[in-house]
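First the structure, in the form of structure tokens, and then the observations on it.
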Protein chains: 2
Amino acid sequence: MARILVIDDQLDLVALLKDELESRGHQVLTALDGNEGVELAQMEPDLIILDIMMPGMDGYDVCRSIRSAVSCPILFLSAKQSETDRIKGLALGGDDYILKPFSLPELLARVDAHLRREKRALSLKLGGEGNWIRFGSLAINLHSRQATVEDSPLSLTKREFDILELLALNPGQVFSREQIYEKIWGYDADGDSATVTEHIKNIRAKISSIDPETQYIGTVWGIGYRWEKRPGKGDGDARKAIT
Amino acid sequence: MARILVIDDQLDLVALLKDELESRGHQVLTALDGNEGVELAQMEPDLIILDIMMPGMDGYDVCRSIRSAVSCPILFLSAKQSETDRIKGLALGGDDYILKPFSLPELLARVDAHLRREKRALSLKLGGEGNWIRFGSLAINLHSRQATVEDSPLSLTKREFDILELLALNPGQVFSREQIYEKIWGYDADGDSATVTEHIKNIRAKISSIDPETQYIGTVWGIGYRWEKRPGKGDGDARKAIT
DNA sequence: GGCAGAAATCAAGAAATCATAAAGAGCACT
DNA sequence: AGTGCTCTTTATGATTTCTTGATTTCTGCC
């Protein structure tokens with residue numbers, strides 16, 4: 001469901017949280033110290049649970065160094081009871097501050113609340129239930145997972161929709177096969193990113209069965225694919241036109 | 001700054017919060033019971049502080065009835081210490097649960113944290129693309145790996161883009177062929193840096209097909225190439241000027 | 001003006017990457 | 001178990017890009 005990063009030097013606690021969160025269907029990354037945590041924060045987790053008291057780089061340090069790059073909610077975990085500590089944590093860019101020892105159900109509830117909110121904020125931005133997000137002649141409804149081109153419905157499979165969503169929601173941005181694979185299959189999936197190529201082909205085929213004129217998904221040679229904001233026509237060589 | 005709705009039947013507490021929040025620049029709406037709260041929630045506040053124990057419609061009821069319509073964060077305020085109450089509040093769509101009596105600075109810090117997060121979530125997704133770096137009439141977008149000269153798109157191959165990026169991001173700095181080769185192909189690549197020459201040629205050709213007037217990439221005789229901060233005109237008299 | 005070294009140009013072959021097709025594996029639903 | 005759909009893998013051919021070496025042009029200097 002979500003990717004959660006747990007950073008804590010207490011092995012037993014990390015194991016407990018990992019178990020519980022995984023049993024709820026989440027993917028859990030764990031780090032046993034601050035440095036490792038900063039590393040793993042690059043994996044774009046959806047939420048971070050961060051212990052404050054750790055040897056070496058403490059939770060505050062970790063938060064400081066990742067906050068600018070990572071926009072997900074950060075939950076501090078700490079035995080520090082003092083009010084100033086709590087305020088410090090929140091002021092540094094934390095989103096919640098949970099006292100140790102904590103109640104596991106409450107922690108889980110808070111995690112859910114944060115994830116739910118993140119999702120809410122996203123869907124607010126992207127349009128709610130009945131809302132279609134439009135990209136030129138493509139329209140996507142994230143809620144019903146439907147897509148249309150020129151108002152004709154596309155019948156996309158799950159993976160195809162995932163890929164289309166990723167590309168269309170980030171118009172213009174280039175994604176390598178590997179990036180696409182990792183984002184959709186998960187960072188630890190083992191498989192060949194060549195399968196991405198195949199899906200791209202199928203998506204293109206489905207789109208062009210409706211609109212053969214326009215090339216929506218562009219190939220960036222040697223790099224990957226991108227959703228063309230201003231799609232090129234026909235057999236698609238914006239390139240030639242330019243050169 | 002933000003519009004905050006406070007729903008609580010304790011008049012003194014409401015007044016206190018209103019004062020504090022307003023002194024921090026927020027606009028504060030107040031409601032003294034559940035029904036009034038539901039009414040005011042129509043005003044699209046950015047955040048709601050909601051007491052649980054109120055006569056008549058309690059905080060849970062309020063939350064239930066507005067949650068579907070209001071997407072902003074809801075902070076529960078309650079004297080109920082029990083874990084199940086806290087979990088209930090969070091499960092109903094609340095985003096935080098603060099025990100009474102609370103520390104005012106902490107409450108304010110939490111309010112800030114929630115507002116900050118909301119802002120973060122909104123500004124983030126979708127609407128990126130703004131990452132064009134401009135160098136005079138050249139613009140480069142690292143996300144989409146596109147470059148334009150005088151707003152006309154350049155269609156560059158992978159290596160060409162890499163080289164252009166290296167040069168343009170360090171305007172004025174001279175790079176030898178070997179440096180360019182090493183930076184882009186990797187320190188352990190085996191090959192002839194003469195190929196750099198060829199790519200430079202191609203980049204120049206593509207640029208001058210759009211803007212034949214200006215020389216962007218200068219040759220530093222015996223040394224290498226550099227991006228001209230103040231490009232020389234025409235068929236390359238920049239060179240003389242440089243040497 | 002002529003010379004040597006450096007850079008630019010050109011063309012063609014080599015290498016890398018992508019598109020396509022086709023077949024096999026996995027999965028859910030009967 | 002059988003069917004149908006989706007997903008994955010593999011192989012092949014087509015295309016683009018990169019590289020290389022020969023050749024020409026340019027630069028700085030005598």
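Per chain, numbering begins at 1; letters A, B, ... match sequence-line order.
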Check whether the side chains of A/Thr195 and A/Tyr181 place a donor and an acceptor atom closer than 3.5 Å, and report yes or no. no
Pair A/Arg226 + A/Glu228, salt bridge at N-O below 4.0 Å: yes
Euclidean distance, atom CZ of residue A/Arg145 to atom P of D/dT6 [Å, nearest integer]: 13 Å
Taking atom C1' of C/dA6 as reference, at what distance in whole Å does atom CD of B/Glu178 sit? 12 Å
Atom CG of B/Asp162 and atom P of D/dT19: how far apart are they, to the nearest Å? 11 Å
Take a 6.0 Å sphere around CD of A/Glu160 and say whether it holds more than 12 heavy atoms from other residues, nucleotides or ligands. yes
A/Lys100 and A/Asp8: salt bridge (Lys or Arg N to Asp or Glu O under 4.0 Å), yes or no, with the steps? CA-CA 12 Å; A/Lys100 284 188 191 177; A/Asp8 198 326; 3.4 Å; yes
With the threshold set at 4.0 Å, does a side-chain nitrogen-carboxylate oxygen contact exist between A/Asp61 and A/Arg64? yes
Whole-Å distance, A/Asp192 CG to D/dC7 C1', equals 13 Å
Atom pair distance, as rounded to whole Å: NE2 in B/His199 and P in D/dT17: 11 Å
Could you state the atom-to-atom distance from CD1 of B/Ile163 to C1' of D/dT19 in whole Å? 12 Å
Within this structure, what is the CG-to-C1' distance between B/Leu156 and D/dT17, rounded to whole angstrom? 13 Å
Should A/Arg117 and A/Asp95 count as an ion pair when the cut-off is N to O under 4.0 Å? no
Could you state the atom-to-atom distance from CD1 of B/Ile203 to C1' of D/dT17 in whole Å? 13 Å
Base, sugar-phosphate, or nothing: which does A/Thr195 touch, judged by heavy atoms less than 4.0 Å apart? base
I want to check one thing: is the phosphate of D/dC18, taken as OP1 and OP2, less than 4.0 Å away from some side-chain N or O of B/Trp185? no
Presence of B/Thr157 side-chain N/O under 4.0 Å of D/dT16 phosphate oxygens OP1/OP2: no
Can you give one letter per nucleotide of nucleotides 10-21 of chain C, going 5' to 3': B for a protein heavy atom under 4.0 Å from the base, S for sugar-phosphate only, - for none? BB----BBSSBB
Any luck finding a side-chain donor-acceptor pair between B/Arg177 and B/Tyr225 under 3.5 Å? yes
